[in-house]
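In what follows, a structure is listed as structure tokens, so that the remarks can point back to it.
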Amino acid sequence: MQHVFEVVYELDCTVGEAVGAYLDVEHYMHLHKVYAPRYEALWQDGTKVAVVQTWRAGPVRFGSSCTTEYQPPACFLNYDLKPVPAWMPSIHHLIKTRTELRYYPTDDQKRTVSHLTVKLDLPWIMWPLRKMIEARLTRLKIEKDQEDVDMIARSQRIFGRGNISHYFRKDVFMLHKDAFVAHFGPSAMPKDRIA
Amino acid sequence: MLKKLPQSQLPILCPNEECDDAPDRLRLSDLSESAVKPLKTALGQLVIVLLSNGRPRAFDARCPHMGSNLVTAACVGGDIVCHWHGYRFSGESGALVANPNEAIMKTLRVPSVAFDPTIKPSYQLRERALEVEDGWVRVK
């Protein structure tokens with residue numbers, strides 16, 4: 001049985017700033033340490049990256065792995081969510097989760113819409129819990145985004161609104177940087193950027 | 001294909017106000033080796049660290065990497081660790097001493113058109129001269 005829900009709100013930044021913050025992978029383990037104290041990339045194949053995020057509880061390290069995919073300029077997919085270690089009892093054995101996050105400019109081109117679509121494939125026995133799962137995932141998404149929004153707001157105060165040139169320095173690492181620079185860099189087409 | 005939603009009723013996720021309640025003076029005894037202390041001055045917000053030799057050091061509270069506020073940085077072994085990306089700066093000199101992500105992201109950090117992993121960034125915290133007088137820490 002499939003349960004689909006959306007989490008949609010506006011972010012007070014440009015699409016380039018929102019995408020930059022998402023691809024700025026070096027902050028995941030530090031700024032978002034409550035949610036992903038350990039982040040490990042398993043492999044990368046083009047715009048797909050398999051990652052493991054784990055927590056430690058005493059001697060046991062547990063968490064989940066998933067495949068993330070970037071579809072430039074501003075779409076992100078997450079799927080193949082599995083428990084780590086695989087033998088661990090987990091909700092991920094029962095539920096198949098797929099998310100699609102899109103950023104696009106608001107109609108007045110001043111802000112960015114963050115549009116998350118979540119598809120849950122649930123066994124019938126878990127169907128009554130779908131709203132509770134939806135509420136928890138929504139809260140998690142908002143909490144993490146709040147940290148990114150605070151980071152973006154400070155960057156705007158320092159570098160100026162819409163200025164993402166700090167990401168373009170050659171020593172700065174981020175996921176799928178060539179694609180990001182191609183779409184949001186100095187020589188990108190203006191349609192991909194907003195005021 | 002995702003449809004665009006009507007935007008008149010969308011909520012906006014607003015940033016939290018940045019904390020600006022740093023004291024404008026500190027006693028040497030307020031400092032500790034395990035935490036940075038914020039200090040509000042005419043030069044702007046600073047962070048003060050206490051080295052293991054008992055001497056304090058002052059730096060601008062702005063990370064030279066991406067601009068985070070170092071008031072929320074951790075202090076580990078005399079180094080200042082930025083809470084955004086984990087970059088570690090020497091509490092003695094303010095120089096970048098380690099980027100822990102180089103090891104964590106080793107699989108992903110491959111050379112590309114826009115990224116060169118062989119370039120070693122030389123980020124440096126801006127140091128401010130301090131003096132200690134009658135137990136009070138003051139910026140010169």
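The basis for the numbers below is simple: all heavy atoms, side chains too, and nothing from hydrogens, waters or symmetry mates. In what follows, every chain begins at residue 1, and chains take the letters A, B, ... in the order their sequences are listed.
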If you count the non-hydrogen atoms of other residues, nucleotides and ligands that lie under 6.0 Å from [atom1] in [X], is the total more than 12?
| X | atom1 | result |
| --- | --- | --- |
| A/Arg169 | CZ | yes |
| A/Lys48 | NZ | no |
| B/Arg27 | CZ | yes |
| A/Lys170 | NZ | yes |

**Q.** Evaluation steps, side-chain contact (heavy atoms from CB on, under 4.5 Å), between A/Glu26 and B/Trp84
**A.** CA-CA 8 Å; A/Glu26 287 192 336; B/Trp84 275 12; over 6 Å; no

Do the side chains of [X] and [Y] join up, straight or via other hydrophobic residues, at under 4.5 Å, putting them in one cluster?
| X | Y | answer |
| --- | --- | --- |
| B/Val139 | B/Val47 | no |
| A/Val118 | A/Met1 | yes |
| A/Tyr79 | A/Leu101 | no |
| A/Tyr35 | A/Leu81 | no |
| A/Val51 | A/Phe76 | yes |

Below 4.5 Å from any heavy atom of chain B, which atoms of [X] appear? Answer side chain, backbone, both or neither.
| X | value |
| --- | --- |
| A/Met29 | side chain |
| A/Val49 | side chain |
| A/Tyr39 | both |

**Q.** Option in B/Val110, B/Leu13, B/Thr107 with maximal non-hydrogen atom pairs under 4.5 Å from chain A
**A.**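 Of the candidates given, the most pairs with chain A belong to B/Leu13.
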
Q. Any idea which of B/Val81, B/Thr72, B/Val113, B/Ile119 has the most non-hydrogen atom pairs under 4.5 angstrom with chain A?
A.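 Winner by heavy-atom pair count: B/Val113.
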
Q. Quick one: of A/Asp178, A/Asp12, A/Ile158, who has the most non-hydrogen atom pairs under 4.5 Å with chain B?
A.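 Ranked by contacts with chain B, first place is A/Asp178.
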
Q: Heavy atoms only, distances under 4.5 angstrom: which of A/Val25, A/Leu11, A/Val181 has the most pairs with chain B? Name it, please.
A: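 Most heavy-atom pairs within the cutoff with chain B belong to A/Val25.
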
Measuring from [X]:[atom1] to [Y]:[atom2], what's the distance to the nearest 0.5 Å?
| X | Y | atom1 | atom2 | result |
| --- | --- | --- | --- | --- |
| A/Met151 | B/Met66 | CE | CE | 8.0 Å |
| A/Arg154 | B/Ser68 | CZ | OG | 6.5 Å |
| A/Glu40 | B/Leu108 | CD | CG | 10.5 Å |
| A/Phe173 | B/Ser112 | CZ | OG | 8.5 Å |
| A/His30 | B/Ile104 | NE2 | CD1 | 4.5 Å |
| A/Gln44 | B/Met105 | CD | CE | 11.5 Å |

Q. Considering only heavy atoms, which portion of B/Pro117 lies under 4.5 Å from any heavy atom of chain A: side chain, backbone, both, or neither?
A.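 Neither the backbone nor the side chain of B/Pro117 comes within 4.5 Å of chain A.
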
Q | For B/His85 against A/Asp24, the heavy-atom pair lying closest together | A |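 Between these two residues, the closest heavy atoms are NE2-OD2, 2.6 Å.
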
Q.
Could you report the tightest heavy-atom contact between A/Asp171 and B/Phe115, atom names first, then the distance?
A.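 Between these two residues, the closest heavy atoms are O-CE1, 3.6 Å.
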
Q. Any residues in residues 134-149 of chain A near chain B, with a heavy-atom distance under 4.5 Å, and which are they?
A.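 A/Ile142, A/Asp145, A/Gln146, A/Val149, listed by number.
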
(Q) Keeping A/Asp150 on the side-chain end and B/Asn16 on the backbone end, is there a donor-acceptor pair under 3.5 Å? (A)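 At least one qualifying donor-acceptor pair exists.
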
